[in-house]
Amino acid sequence: MLFLLISCFSFIFFFKSFSFKPMKSEGKMLLLGPWFWEGFSSFLVSWFNKGRFAVSMFQVPLKMPLTKVNLCSKVQEIVEEEGEGPSLLDLPELALECILERLSPAELCSMAGVCNSLRDRCRSDHLWEKHLKHKWGRVICEAACKEWQCHITSRKRPSFLDQRNQKGFFGSLMSMWPFSWYKPRCESRNKPTTCLPVDSIMALYLSLESGKFWFPAQVYNRENGHVGFMLSCYDAQLSYDSKTDTFQARYSPFARRTIEESIHWDRLRAPPVETPAHVLHTSDCLNDLKPGDHIEIQWRRSKEFPYGWWYAVVGHQELCDGNENRCRCRYSGERIIRNYTVVLEFSQYTPGSRWRQTIVNRKDHREVGNEADGFYGGIRKLYKEEEISKWKQLWPKQIFD
């Protein structure tokens, strides 16, 4: 075999010097041009690829024109000769779509690495929207989507290295050595489309799963159920830890930043209203409140702190015995308000505690309170049984003073 290889290269070297000279053969002109060497090179490559001898044993650097093109064509010929089984892409569109819809996120990511066609299909928004809603729908809200859009915009802004694609001094500078050798990962590939679009639902899902995207949500009983926050819900920035299936939260009260770890899913919710934590919520349910209604009310320790939402129940007036027929704590039959004051009870505290009750004015309700007892803000009535049962599940084992 070694002798055969040497003979082949001797043959190439000998005729290379006469490649462009006319030669007479039985009265005809024979021209050994580039087309001859291209065909001969293709023959050698196909011979090597079919395993007729191991080229790797000799480590000879071959420089042949169009080797890559010929190699690909020969591989295709070999595959056609040997025959190949049915491909997943040969399935009808509907069948292939049904298969992809049943794949998990991890399986979709694996399938996207098979080929370009499957990559584009597996990144489709309609496939990832289902997974996003199933896992993250309870904690992702409109505010989180807006923050994600801001995150996308910041990532799309041209960086310093992107200036080399622009005209002018910086474009010329970045195109010169030693900057010209560097290209971002996406640009260094033959097909930039292999990079995941930052504005895709798949990108959002993977950013949430990896914990790279901190999103706004609310946490029940913050700081591991601290007594001072029982039956409350506060805004926080959250990051997911896929290893423990828990979250890390960042709270931003006045003068210090509190971080809490190992928060489980059952302590999270998406903000039910779009009111920011430092803004007084507009109460639109005051005229509908009656004893027994479940509500959430904003409360903060001082005016520098953000609001948290606290669970309470509408109670009866002091002089009311609680009898429905004689109760004057709500509307009359003609829907005329008899009493403008509303009693709110926080039953997690003992009777007589200064935190047990507060009174608000349903006609002209504003933030009320003082530095000693805190400040009460807007009220939202709970209409869904799901919200009410959630607060009952969080009820403490004992009441507090």
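Side-chain contact between Phe213 and Leu208 is present, with at least one heavy-atom pair separated by less than 4.5 Å. Side chains of Glu274 and Glu142 form a contact here, defined as non-hydrogen atoms less than 4.5 Å apart. At a threshold of 4.5 Å between non-hydrogen side-chain atoms, the residues Ile379 and Leu344 count as touching. With a 4.5 Å cut-off on side-chain heavy atoms, Glu260 and His226 do not count as touching.
Annotation: Lys133, atom NZ; neighbour count of heavy atoms from other residues, nucleotides and ligands within 6.0 Å does not exceed 12.
Remark: Trp395 engages no residue in a ring-ring contact (aromatic ring centres under 6.0 Å, His included) (not counting sequence neighbours).
Heavy atoms only, all atoms of each residue included: Asn224 and Glu261 are closest at OD1-O, 4.1 Å.
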Show me, pair by pair, the donor-acceptor contacts under 3.5 angstrom made by side chains of residues 92-113, not counting sequence neighbours?
| unit_1 | atom_1 | unit_2 | atom_2 | d |
| --- | --- | --- | --- | --- |
| Glu93 | OE1 | Arg121 | NH1 | 3.0 |
| Glu93 | OE1 | Arg121 | NH2 | 3.4 |
| Glu93 | OE2 | Arg121 | NH2 | 2.8 |
| Glu97 | OE2 | His126 | NE2 | 2.4 |
| Arg102 | NH1 | Cys98 | O | 3.0 |
| Ser104 | OG | Glu107 | N | 3.3 |
| Ser104 | OG | Glu107 | OE1 | 3.3 |
| Glu107 | OE1 | Ser104 | N | 2.8 |
| Ser110 | OG | Ala106 | O | 3.2 |

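Residues Trp355 and Phe400 place their aromatic rings such that the two centres sit no closer than 6.0 Å.
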Applying side-chain contact (heavy atoms from CB on, under 4.5 Å), run through Ser239 and Phe215 and close with a yes or a no. CA-CA 7 Å; Ser239 174; Phe215 62 95; over 6 Å; no
Could you go step by step and tell me if Lys135 and Glu209 meet the side-chain contact (heavy atoms from CB on, under 4.5 Å) rule? CA-CA 10 Å; Lys135 183 169 184 178; Glu209 285 286 325; 2.6 Å; yes
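In this structure, a donor-acceptor pair under 3.5 Å is absent between the side chains of Trp214 and Gln248.
Cation-pi contact between Arg356 and Phe346: absent, since separation from the ring centre below 6.0 Å together with deviation from the ring axis within 45° is not met. In this structure, Arg222 satisfies the cation-pi test against Phe229, with its NZ or CZ atom closer than 6.0 Å to the six-membered ring centre and inside 45 degrees of the ring normal.
Between Glu296 and the choices Trp391, Trp310, Trp309, the side chain to side chain donor-acceptor pair (under 3.5 Å) rule is met once, by Trp391.
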